[in-house]
Amino acid sequence: MFVTRILRFFALALFCAAAPLQAADLPSVFPQLRNMFPDAEAYGGFEGTPLSAAVYKAGKVVGYVFLTGDALRIPAYSGKPINTLVGLDADGRIVGLAIVQHDEPILAVGITPEQLNRFVAQYEGKSAFDRITIGAPREGHVAIDGITGATITVMVENATVMRAARMVAESRGIGAAAAAPVAAAPLPAAAQPQADAPAPEQPRSEAPPPTTRGGEAVGRPATPASVAQRAGSGKAASPSSVAAPATPVRPAADAVVPLARDMPPPNVAPLPAVPGTWTPAEEEPQWVAIWRHRAFEIGVLVVGLTVLFSILVFQDWLARHPKLLIYVRNGFHVYTLFFIGWYALAQLSVINVLTFVNAVMHGFRWENFLLDPMLFILWSFVAMTLLLWGRGVYCGWLCPFGALQELILIASRRLKLPQFEFNDVVHERLWAVKYVILILLFGVSLQSLGEAATYAEVEPFKTAITLRFDRQWPFVTYALALIAISAFNRKFFCKYLCALGAALAIPGRFRLFDWWLRRRRECGKPCQVCYNRCSVRAIRPTGEINANECHYCLDCQVIYYNDKVCLPLIERRQKREQRLQRGKIPPIVVAPAGDDAPRKQAAATDIRG
């Protein structure tokens, strides 16, 4: 034990002694740099504000490399920033970038490395001063393609990379920010490339004296250990570079956004007295442009939600017209699946709930949620309906995967496939499974939202809706299996496994109105029609509707108004018909002239009556 400690001490001392020489070993920490700067001979230390490391070739600065986390931190969909390694050349053009640390659920599970590499490759050759937009072209902007199903993530990544690149370029006097020619920074003596002939002396520019931030000297070559500590654990990759340092260094504190108690980290400039927003005042907020360019989708969604709201308000009238209700409900399921789901990619998920809770706990910002207008509008509508009708409105009408199961059920019934149900004891035990899943996911999300996203694959939503089955075969097989089960057991996944349904049921208990679904005194005793006919099995044998499990299909309301199915109404109808029968006057029969037989028969009937 003692010998082990001595060895560790000498190893640490040896590492510290060699630290000034290890700036040239930066590619060992970030192998992506070999692709960004294949001809680089040496790397300087991380210095300046924001921090960046010079890249040398033949004793000259040919670019810069930096981590976006050292420049500014924009919370992404997970509520935490994405840390990206970026390289700029001497002209301020991006030569490559690589995501080295993130907590984004969609990047952890669902987006393939090939998709991510195609996205980041689009930045190569772009200037740090370009205004880049995702998706639809905009005047004065350079448009690039996004990643399907990761709208918010790529929007935040784009804003982070471009604003950080501009900050670094401006602080080094590159490109549009250069007010005067800036001399190249000298190559550190420890990192000079060895050659037979001495390299020509480079002009030196005055640099600010080294300062200390968080115990780390700024201006000295950074060790791979310190760099790796700032970057965090790695993921994804591509290349990048920047140019010579300038004399005056503009502080970047106004671009830092506090996310938690430990923000800002020791290696980031201190926060101002009043932290600024991450969106510069002179620029239009990015979410405004996104909403403007998705105006058609927003309009169609708002129209659909208005129609649904009308259906709910006039549900009693629709319940009296069961055939019309069937057409309306099935048509809305088609709209939900094809438009909300496969076209607009607005499938809600339990990850949305966990992300919202995480944001509330660690610095809530509306801008993060406004970046996806479809999800924002849909969640706003769902929040309203939870207070009025409970969870059933979303689960029964607005969930694309639920709509897919309903359409599959219609097809199975037309094919006369058998339906299987569990007995009451098993059925009520299985109800609890989705709540257990929700609790487990919430516990995992407190430590890592990205890890929670991995376990949230119990939801087939990403596979069946967001990625439209374009995924690895195990995920596709799982989703297809659940869809196949729904052909024999109505909405099996929704009833027993859906953590999102469990999450919606909790606030649904606090709805403002007692209940919009009508019941009678005879429901459950003696009448059992609704209990037997509810295929979601949200009605108890005693006649009460379990609001936590109801999907608001309105089938029970059709029965409520049907005097040929509802037992109390049948009894009332029969009594009414008997009264009418007892007091019924025989119709007057018009007989041919000269024929008095019918009159005699009618008179005899009246006498007997």
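Here the shortest heavy-atom pairing between Leu337 and Pro400 reads CD1-O, 3.6 Å. Of all the heavy atoms in Phe376 and Phe369, the pair that sits closest is CB-O, 3.7 Å. Pairing each heavy atom of Tyr56 with each of Val61, the nearest pair is CE2-CG2, 3.4 Å. In this structure, Arg172 and Ser52 approach most closely via the heavy-atom pair NH2-OG, 2.7 Å. Ser445 approaches Asn358 most closely through the heavy-atom pair O-ND2, 4.1 Å. The two residues Tyr43 and Ala40 come nearest to each other via the heavy atoms OH-CB, 3.6 Å.
Summarising the geometry, atom CH2 belonging to Trp291 is positioned 6.0 Å from atom CG belonging to Leu370; distances are rounded to the nearest 0.5 Å. Thr160 contributes atom OG1, which lies 13.0 Å from atom CE of Met155 (distance to the nearest 0.5 angstrom). The CG atom of Leu467 sits 10.5 Å away from the CZ atom of Phe469 when rounded to the nearest 0.5 Å. In this structure, Tyr478 OH and Thr463 OG1 are separated by 9.5 Å, a value rounded to the nearest 0.5 Å. With values rounded to the nearest 0.5 angstrom, Trp342 atom CH2 is found 5.5 Å from Leu404 atom CG. From Leu449, atom CG reaches atom OG1 of Thr355 across 4.5 Å, with rounding to the nearest 0.5 Å.
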Review point. Does the pair Arg292 and Trp287 meet the rule for a side-chain contact (heavy atoms from CB on, under 4.5 Å), with working shown?
Key: CA-CA 9 Å; Arg292 184 186 304 117; Trp287 68 267; over 6 Å; no
Exercise for review: Tell me, with the steps shown, if Leu51 and Leu67 meet side-chain contact (heavy atoms from CB on, under 4.5 Å).
Suggested key: CA-CA 8 Å; Leu51 295 174; Leu67 293 165; over 6 Å; no
Practice item. I would like to know whether Val65 and Phe30 meet side-chain contact (heavy atoms from CB on, under 4.5 Å); could you show each step before the answer? Key: CA-CA 11 Å; Val65 61; Phe30 300 110; over 6 Å; no
Practice item. Could you please spell out the steps behind the side-chain contact (heavy atoms from CB on, under 4.5 Å) verdict for Thr68 and Ile82? Key: CA-CA 8 Å; Thr68 58; Ile82 302 172; over 6 Å; no
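Side chains of Lys462 and Ile351 form no contact here, defined as non-hydrogen atoms less than 4.5 Å apart. No side-chain heavy atom of Leu440 sits less than 4.5 Å from a side-chain heavy atom of Val444. A heavy-atom distance below 4.5 Å is not found between the side chains of Leu345 and Ile465. In this structure the side chain of Val350 reaches within 4.5 angstrom of the side chain of Leu441, judged on heavy atoms. Looking only at side-chain heavy atoms (C-beta outward), Ile94 and Val161 come within less than 4.5 Å of each other. By the 4.5 Å heavy-atom criterion applied to side chains, Phe66 and Met167 are not counted as neighbours. Looking at heavy atoms from C-beta onward, Cys399 lies in side-chain contact with Gln347 at the 4.5 angstrom threshold. A 4.5 Å side-chain heavy-atom check between Phe442 and Val357 finds at least one atom pair inside the cut-off.
Using a cutoff of 4.0 Å between basic side-chain nitrogens and carboxylate oxygens, Lys60 and Glu41 are not scored as salt-bridged. Using a 4.0 Å cut-off between charged side-chain N and carboxylate O, Arg166 and Asp130 make no salt bridge.
No side-chain donor-acceptor contact under 3.5 Å links Arg73 to the backbone of Pro81. In this structure, the side chain of Asn83 engages the main chain of Gly69 through a donor-acceptor pair within 3.5 Å. Checked by atom type and distance alone, the side chain of Asn158 pairs as donor or acceptor with a backbone atom of Ile132 at under 3.5 Å.
Taking the six-membered ring wherever Trp is involved, the centroid distance between the rings of Phe461 and Phe401 falls below 6.0 Å.
A donor-acceptor contact closer than 3.5 angstrom links the side chains of Ser349 and Glu459. The closest side-chain donor-acceptor pair between Glu157 and Thr84 falls under 3.5 angstrom.
Partner of Val142 under the side-chain contact (heavy atoms from CB on, under 4.5 Å) criterion, chosen from Gln122, Lys126, Met162: Lys126.
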